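So the structure is just underneath, and the comments pick up after that.
So you know, we letter chains A, B, ... as the sequences are listed, proteins then strands, and number each from 1. Bear in mind the structure is a predicted one, so any value in this text is a computation, not a measurement. Just so it is clear, the values below take in all heavy atoms, side chains as well, and ignore hydrogens, waters and symmetry mates.
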Protein chains: 2
Amino acid sequence: MNEGSLDIAEVARRSGLAPSALRFYEKKGLIVSAGRNGLRRTYHPDVLERLELITCARDAGFSVAEIGRFLVARSGDPDLRVRMAARACALDEQIGRLTRLRDSLRHAAICDHESIVECPDFKQAIGNEPAAGLVRSSHRDRLC
Amino acid sequence: MNEGSLDIAEVARRSGLAPSALRFYEKKGLIVSAGRNGLRRTYHPDVLERLELITCARDAGFSVAEIGRFLVARSGDPDLRVRMAARACALDEQIGRLTRLRDSLRHAAICDHESIVECPDFKQAIGNEPAAGLVRSSHRDRLC
DNA sequence: CTGCGACTTGAAGCGCGGTTCAAGTCAAGG
DNA sequence: CCTTGACTTGAACCGCGCTTCAAGTCGCAG
């Protein structure tokens with residue numbers, strides 16, 4: 001067997017993913033196997049890097065299908081570039097939400113209101129506007 | 001109908017969630033209905049605020065069950081506080097991942113490597129720790 | 001050559017987060 | 001009164017992202 005290639009079990013071990021997940025990703029076109037040793041898939045070491053990317057994107061809420069589309073992206077595909085830029089903007093918004101949520105959560109862990117959802121600081125960090133009664137639904141910020 | 005309470009359809013409209021989702025959340029204990037008008041659920045206006053929180057947390061990757069646990073949190077529950085603090089730290093990590101992913105994506109939409117995944121800048125931004133050198137580092141507070 | 005065991009496959013199954021459906025109930029309008 | 005139509009219910013179903021399973025195949029040690 002080729003010196004540089006990795007057994008599926010080895011890739012699983014080093015990536016922290018189950019072999020079944022690797023086969024699943026391969027079937028979906030997110031990774032490719034370098035060849036076989038008998039029946040066994042072997043992978044180029046670069047696959048580890050790609051798996052890291054995949055895991056990261058999955059954690060970020062990307063679907064497997066979407067990751068697949070991005071992974072085959074070529075510079076000559078303007079549609080895809082547009083989608084990527086849009087996705088980046090969506091990520092910005094999500095990062096904002098997560099940051100506020102984190103701050104609220106961190107506050108909740110130390111605040112002394114009986115019920116944490118009652119805490120005004122908590123609410124304030126989460127919501128953009130408390131819907132106390134005379135709230136017009138705020139127009140979505142179209143910053144992107 | 002009580003002046004202050006909202007019909008489920010109204011809540012659905014103003015929250016952007018499907019009525020079925022509202023019933024689902026109610027069944028899971030994430031929201032409570034204020035009462036009924038005939039068979040129809042009515043909700044206190046405060047539910048809108050809570051739904052915003054729920055949606056935000058869902059987007060952040062919290063499961064419905066986990067949100068439910070947090071929502072019933074009382075200040076006298078130290079376990080839950082610990083979980084919240086831990087969750088806040090996890091969010092910090094995720095925010096970091098998302099930020100790197102966003103930067104990579106934004107670069108990908110610009111860069112002229114024929115295959116996006118080939119681009120060294122792209123790879124570099126994804127990889128775990130910014131190793132050295134030319135990293136546009138927002139400084140990471142290691143507090144966890 | 002004969003196990004053995006770790007892989008292979010396609011198909012079925014699972015948990016999550018809802019949505020859809022069939023059948024029923026109610027409030028209000030004509 | 002009867003109809004209309006938006007709601008109600010529980011149960012079935014769905015898509016996703018894998019995991020598990022049964023059955024088969026291979027490399028290698030003995």
Here the pair of heavy atoms bringing A:Tyr25 nearest to A:Leu51 is CD1-CD2, 4.0 Å
Does the A:His113 side chain pair with the main chain of A:Ser115, one donor and one acceptor, at a distance under 3.5 Å? no
Between B:Glu10 and B:Tyr43, do the side chains contain a donor N or O and an acceptor N or O under 3.5 Å apart? no
Counting N and O atoms only, with roles assigned by atom type, does the side chain of A:Gln94 sit under 3.5 Å from a partner on the main chain of B:Asp59, one being a donor and the other an acceptor? yes
Counting just side-chain N and O atoms, does A:Tyr25 come under 4.0 Å of either OP1 or OP2 of D:dG17? no
Report all interatomic pairs (protein N or O, nucleotide N or O of nucleotides 9-12 of chain D) with separations under 3.5 Å.
residue, atom, partner, partner atom, Å
D:dT9, OP1, B:Arg36, NH2, 2.9
D:dT9, OP1, B:Arg41, NH2, 2.9
D:dT9, OP2, B:Arg41, NH1, 2.5
D:dT9, OP2, B:Arg41, NH2, 2.6

Round to a whole Å and report the spacing from CD1 of B:Ile8 to P of C:dT19. 12 Å
Side-chain heavy atoms of B:Ile54 within contact of B:Phe70, under 4.5 Å: no
Less than 4.0 Å between a side-chain N and a carboxylate O, is that true for B:Arg74 and A:Glu114? yes
Quick one: B:Asn37 CG to C:dT25 P, roughly how many Å, whole number? 17 Å
Numerically ordered, the residues 58-67 of chain B set in heavy-atom contact under 4.0 Å with DNA chain C is B:Arg58, B:Ser63, B:Val64
Whole-Å gap separating P (D:dC18) and CG (A:Leu22): 11 Å
Is it true that B:Arg87 and B:Glu66 have a side-chain N and a carboxylate O under 4.0 angstrom from each other? yes
Against B:Val11, only a single residue in B:Val47, B:Leu17, B:Ile31 fulfils side chain to side chain contact (heavy atoms under 4.5 Å, CB included); can you say which? B:Val47
Atom-to-atom span, CZ of B:Arg13 to P of D:dA6 - whole angstrom: 15 Å
Can you tell me how far P of C:dG10 sits from CD of A:Glu26, to the nearest Å? 11 Å
Any luck finding a side-chain donor-acceptor pair between B:Ser15 and B:Glu52 under 3.5 Å? no
Using atom CZ of B:Phe24 as one end and atom C1' of D:dC13 as the other, report the distance to the nearest whole Å. 14 Å
Rounded to whole Å, please give me the gap between CG in A:Leu30 and P in D:dC16. 14 Å
When you compare the protein's N or O atoms with those of nucleotides 3-5 of chain D, which come within less than 3.5 Å of each other, and at what distance?
none

Ion pair A:Arg14/A:Asp7, N-O distance below 4.0 Å: no
Looking at A:Arg40, is its backbone amide N or carbonyl O close enough to the side chain of A:Asn37 to form a donor-acceptor pair, meaning the two atoms are under 3.5 Å apart? no
